[in-house]
Number of protein chains: 2
Amino acid sequence: MTVHPAHTRVELGDLKVPVTRIALTNGETFDRYCTEGPGSQPEQGLPPRRLEWIEERQDTETYPGRRTELLDNGKAAVRRGEARQEWRGERRQPRRAVSTGTAVTQMHYARKGIITQEMAYVAVRESCDPELVREEVAAGRAIIPNNVNHPESEPMIIGKRFLVKINANIGNSAVTSSIEEEVDKLTHAITWGADTVMDLSTGDDIHTTREWILRNSPVPIGTVPIYQALEKVDGEADRLTWEVFRDTVIEQAEQGVDYMTIHAGVLLRYVPLTADRVTGIVSRGGSIMAGWCLAHHQENFLYTHFDELCEIFKQYDVAFSLGDGLRPGSTADANDEAQISELRTLAELTERAWEHDVQVMVEGPGHVPLNLVEENVRLQQEWCHGAPFYTLGPLATDIAPGYDHITSAIGAATIAMHGTAMLCYVTPKEHLGLPDRDDVKTGVITYKLAAHAADIAKGHPGARDHDDALSRARFEFRWRDQFALSLDPVTAESFHDETLPAEGAKTAHFCSMCGPKFCSMKISQDVRDRFGAAAGASPEEIEAGMMQKSKEFSAAGSRVYLPLAD
Amino acid sequence: MTVHPAHTRVELGDLKVPVTRIALTNGETFDRYCTEGPGSQPEQGLPPRRLEWIEERQDTETYPGRRTELLDNGKAAVRRGEARQEWRGERRQPRRAVSTGTAVTQMHYARKGIITQEMAYVAVRESCDPELVREEVAAGRAIIPNNVNHPESEPMIIGKRFLVKINANIGNSAVTSSIEEEVDKLTHAITWGADTVMDLSTGDDIHTTREWILRNSPVPIGTVPIYQALEKVDGEADRLTWEVFRDTVIEQAEQGVDYMTIHAGVLLRYVPLTADRVTGIVSRGGSIMAGWCLAHHQENFLYTHFDELCEIFKQYDVAFSLGDGLRPGSTADANDEAQISELRTLAELTERAWEHDVQVMVEGPGHVPLNLVEENVRLQQEWCHGAPFYTLGPLATDIAPGYDHITSAIGAATIAMHGTAMLCYVTPKEHLGLPDRDDVKTGVITYKLAAHAADIAKGHPGARDHDDALSRARFEFRWRDQFALSLDPVTAESFHDETLPAEGAKTAHFCSMCGPKFCSMKISQDVRDRFGAAAGASPEEIEAGMMQKSKEFSAAGSRVYLPLAD
């Protein structure tokens with residue numbers, strides 16, 4: 001899907017790294033980071049562009065893989081005796097490391113001093129030195145989530161030295177569902193700028209939905225495997241076992257999931273710390289594990305089996321997204337003992353994963369008053385040795401359901417400015433319902449602008465170029481360029497047209513806000529015409545110049561405004 | 001207009017201070033600050049509730065007032081030989097101080113140690129000590145904008161020790177206009193929470209539109225008189241004179257305008273500083289004055305006649321809103337020499353106004369990267385001795401036209417957290433067109449949440465009560481209370497109903513996001529039931545309690561989830 005007629009996806013260099021090229025009316029072009037993907041026929045999926053790179057490394061091999069079971073698609077599939085729908089494109093055998101001790105992770109290569117094709121690709125995308133990419137990945141301060149079974153992906157990096165990224169959540173639920181809708185939401189989210197997508201399906205057809213999503217996704221896909229594991233035990237948390245969970249993780253790793261949220265920090269002893277909270281535990285994964293711990297009075301099996309998880313992840317290059325199951329669900333509960341205790345455990349788990357060369361990011365809160373936001377990212381960065389922080393919002397107030405994309409964008413821009421590497425979007429439907437297609441777009445654009453505001457605030461090299469290009473277009477009344485350069489050209493143009501729909505208004509030297517007589521931009525042009533030449537002149541020269549210009553101005557009819565265009 | 005069935009406007013105490021009382025389903029009520037006004041018949045206007053207080057002070061008198069001219073309503077009125085529409089309610093003679101040297105300003109009374117009825121009213125509204133109100137007004141750190149000719153207003157205060165306020169701009173333009181639409185927008189903006197409204201009309205019927213707005217407004221009304229003055233000289237900035245401007249200010253002061261934006265800081269010598277900017281001068285008032293300075297090569301007449309303006313303002317209690325005519329219009333131009341130079345002049349003017357006991361607030365930028373936001377308010381507070389800062393946004397990035405309510409809410413929450421007293425809203429139409437009714441609402445709600453996020457971040461007494469009330473309702477599945485407590489109950493309820501429209505879902509112990517099996521809130525309730533009683537218990541007692549609870553849990557069928565409601 002083309003966002004705007006002036007937008008084209010072009011590919012740069014041998015690695016065919018995509019950028020969005022915007023053709024401006026003044027003959028210039030502006031290149032933007034592109035998340036859009038080359039486009040696919042959903043029934044066929046995308047070509048496996050990374051396959052060659054993976055094979056060249058000769059450290060993986062294909063194998064028959066786990067046998068898919070009907071229960072993978074939920075109880076309804078078992079009842080029917082078949083999945084409702086099958087993946088209709090090419091089926092590849094899954095791939096993993098040639099031996100169980102072997103790590104095939106980007107971190108492993110980076111630590112060995114190898115700049116992989118993935119890293120080189122990322123460096124072109126980020127306009128930086130490939131060695132910076134390697135260093136940051138080796139140090140654990142950045143991750144490149146690229147499961148060897150998701151060769152359709154275009155490598156991207158998550159780390160505070162790089163552009164701030166955003167994730168969009170999609171997924172069916174027990175209440176509503178449709179595979180087509182979810183694939184459409186995936187494409188829609190990426191078109192508007194999502195850097196990764198999480199499939200949080202909890203309803204029927206989980207396995208098949210995920211297959212369609214992965215085969216059509218040029219961006220990394222994340223999941224929360226406990227959701228599917230819980231489905232397999234009929235939604236009863238106490239019936240969960242490490243074996244069911246392990247099997248689910250392998251199922252998803254073979255499909256190509258690039259990162260998985262693991263709530264291994266919800267320890268038995270932290271659960272009582274939530275009892276006096278205003279909103280208790282609000283993370284689904286966190287509450288499932290808390291429920292399990294309560295039922296068994298045992299330590300969280302994700303924690304006790306964490307090294308085994310690492311052994312699996314390293315064979316596929318699945319990255320951890322260490323879930324913050326005890327994140328605050330209201331500003332009242334922010335930065336409390338439960339949250340901070342869990343963060344200490346996530347720091348410990350980060351180091352354990354790194355011992356296995358497994359890539360890690362750490363998830364962050366939820367609801368946090370603006371004055372406590374910085375502390376969250378400071379503690380995470382300090383305790384987790386710079387592992388990328390991946391935050392949900394945070395929401396700066398609880399009183400605006402229906403507008404939580406905004407309450408959270410406030411927190412998101414702030415936390416990203418202080419060092420969060422990826423922001424999980426929030427849509428207007430948060431707390432109220434499931435996002436539809438339009439909500440996905442609103443969430444993505446809102447988070448795109450929050451991430452970009454942070455890039456500018458951080459002084460990220462080149463980040464302000466985009467703003468300057470748009471501001472210059474605005475100042476020069478290149479309306480079409482303003483639309484084309486904006487994050488959402490469609491909305492920008494339609495808002496403009498509501499007041500001044502005529503084609504001529506697209507080139508008019510004024511707009512509907514002030515009309516032609518009041519146009520400050522026009523007057524500024526005048527100021528520039530008069531003083532631009534005097535830049536660098538002495539105060540006396542400027543003074544003399546102004547006297548002269550004042551006379552010229554009067555002689556020319558003393559009109560600083562354009563006459564109204566017909 | 002009633003926002004929601006659960007909302008009622010009630011009045012407290014002898015001063016009849018309004019609050020919005022929300023009836024909750026658990027029998028409790030929650031009182032919110034009310035900006036809504038008592039409601040009016042537009043053709044009659046509101047009762048002059050402050051008139052008695054003003055008369056009791058015996059320092060003002062009525063007088064015949066300036067004769068209204070046809071040109072006050074624009075050239076079209078002159079052409080027609082009559083105004084298109086007249087104010088149809090009661091006409092009162094204007095009122096001013098008994099003598100030219102007399103100040104009838106709230107600052108004057110405060111400095112004399114008098115707690116006026118207006119201050120007492122404000123104290124009830126803000127739940128604070130009346131003496132705090134008096135002190136802050138006396139020191140110039142807060143203003144109560146209440147022209148003696150706007151007795152319909154319900155006093156409110158703007159200052160950093162009080163709740164952060166928001167302003168909504170309305171007004172017709174040369175391109176589109178209708179008096180009815182503007183009065184409707186006024187009421188709509190106040191209904192949703194605007195604390196003050198600026199009438200920025202630039203089209204025909206300016207005088208009459210303003211009369212309708214003032215007579216129907218329970219909140220202070222601000223204007224930018226230079227817009228009307230420019231209309232009177234046919235839109236030619238160089239034909240502006242102090243005399244035309246002065247006459248316009250008196251016209252508006254007699255009507256009851258509570259504060260006026262005056263661009264007296266755009267000095268001749270600052271204009272060249274804008275020549276190399278990416279977006280020059282973007283303030284309309286600033287560009288008009290810059291145009292005038294250029295044309296005449298003379299100092300800004302608003303600066304040279306500033307003391308005369310003070311003499312006028314003190315007779316009516318009009319407050320200054322010192323305009324930042326050189327504010328940055330793009331992130332590239334933020335905190336530059338032009339902007340900072342003007343701020344120094346605004347600081348000088350603040351002190352000059354205070355010498356006349358005239359109330360002052362200072363306007364702030366525009367477009368500012370997030371990392372430079374704090375510096376703006378720090379410098380303003382320091383240089384202007386704590387005079388209230390009144391900021392537009394600021395917008396944290398330039399690349400999202402159509403979403404500038406959000407780019408600016410990010411900056412607004414941040415700048416308010418650091419001490420801005422009032423935020424001027426930005427609607428989704430900013431940079432693109434004139435806001436319609438829906439845009440006004442979106443802008444107001446967005447700024448309401450940004451202001452509230454700042455109140456929480458500042459630890460303002462009681463600010464978080466609202467969040468806690470909503471969060472508790474959320475945790476306890478009181479859906480109707482969640483809607484009623486939210487800033488926009490209508491949108492919250494309709495978003496919920498899109499996924500789960502059935503009436504039963506309003507009391508369901510789950511929602512569409514997770515469905516009944518995944519409900520983390522439910523699990524948290526379980527956790528609380530098990531540990532709530534143990535608060536204050538020793539670790540050993542908790543341990544023992546957990547063992548016991550684990551057994552009970554298993555005995556009860558080990559179900560942590562509610563069965564699906566029918």
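Naming convention: chains lettered A, B, ... in sequence-line order (proteins, then strands); numbering from 1 in each chain. As the structure is a prediction and not an experimental result, all values here were calculated from the model.
- With a 4.5 Å cut-off on non-hydrogen atoms, B/Arg464 touches chain A through its side chain but not through its backbone.
- Contact annotation for A/Leu470: only side-chain heavy atoms (C-beta onward) come within less than 4.5 Å of a heavy atom of chain B.
- With hydrogens and angles left out, the side-chain atoms of B/Asp467 and B/His452 include a donor and acceptor closer than 3.5 Å.
- In this structure, the portion of A/Ile445 lying under 4.5 Å from any heavy atom of chain B is its side chain and not its backbone.
- Proximity to chain B is absent for every atom of A/Ala463, based on heavy atoms less than 4.5 angstrom apart.
- The greatest number of non-hydrogen atom pairs below 4.5 Å with chain A, out of B/Ala469, B/Ala454, B/Ala413, is found for B/Ala413.
- Counting heavy atoms from C-beta on, the side chains of B/Tyr447 and A/Ile406 never come closer than 4.5 Å.
- Checking B/Thr407 against B/Asp404 by side-chain atom types alone, a donor-acceptor pair falls below 3.5 Å.
- Using cut-offs of 30° and 60° for the angle between ring planes, the B/His405 and B/Tyr403 rings count as parallel.
- Proximity to chain A is absent for every atom of B/Pro435, based on heavy atoms less than 4.5 angstrom apart.
- Evaluated for a side-chain contact (heavy atoms from CB on, under 4.5 Å) with B/Leu370, the options B/Thr331, B/Ile410, B/Thr397 yield exactly one hit, B/Ile410.
- Using a 4.5 Å cut-off between heavy atoms, A/Asp436 touches chain B through its side chain atoms alone.
- Of the listed residues A/Leu395, A/Leu485, A/Asp468, the one with more heavy-atom pairs under 4.5 angstrom with chain B than any other is A/Asp468.
- Chain A forms the most heavy-atom pairs under 4.5 Å with one residue out of B/Gly286, B/Pro369, B/Gly411, B/Pro428, and that residue is B/Pro428.
- Contact count against chain B (heavy-atom pairs under 4.5 Å) is highest for A/His466 among A/His367, A/Lys448, A/Arg472, A/His466.
- Only the backbone of B/Ser283 comes within less than 4.5 Å of a heavy atom in chain A; its side chain stays farther off.
- Here the side chains of B/Gln298 and B/Trp292 are in contact, with some heavy-atom distance below 4.5 Å.
- Using a 4.5 Å heavy-atom cutoff, the side chains of B/Lys429 and B/Leu434 are not in contact.
- A donor-acceptor pair shorter than 3.5 Å cannot be found between the side chains of B/Ser330 and B/Asp398.
- Looking at B/Ala412, neither its backbone nor its side chain comes within 4.5 Å of chain A, counting heavy atoms on both sides.
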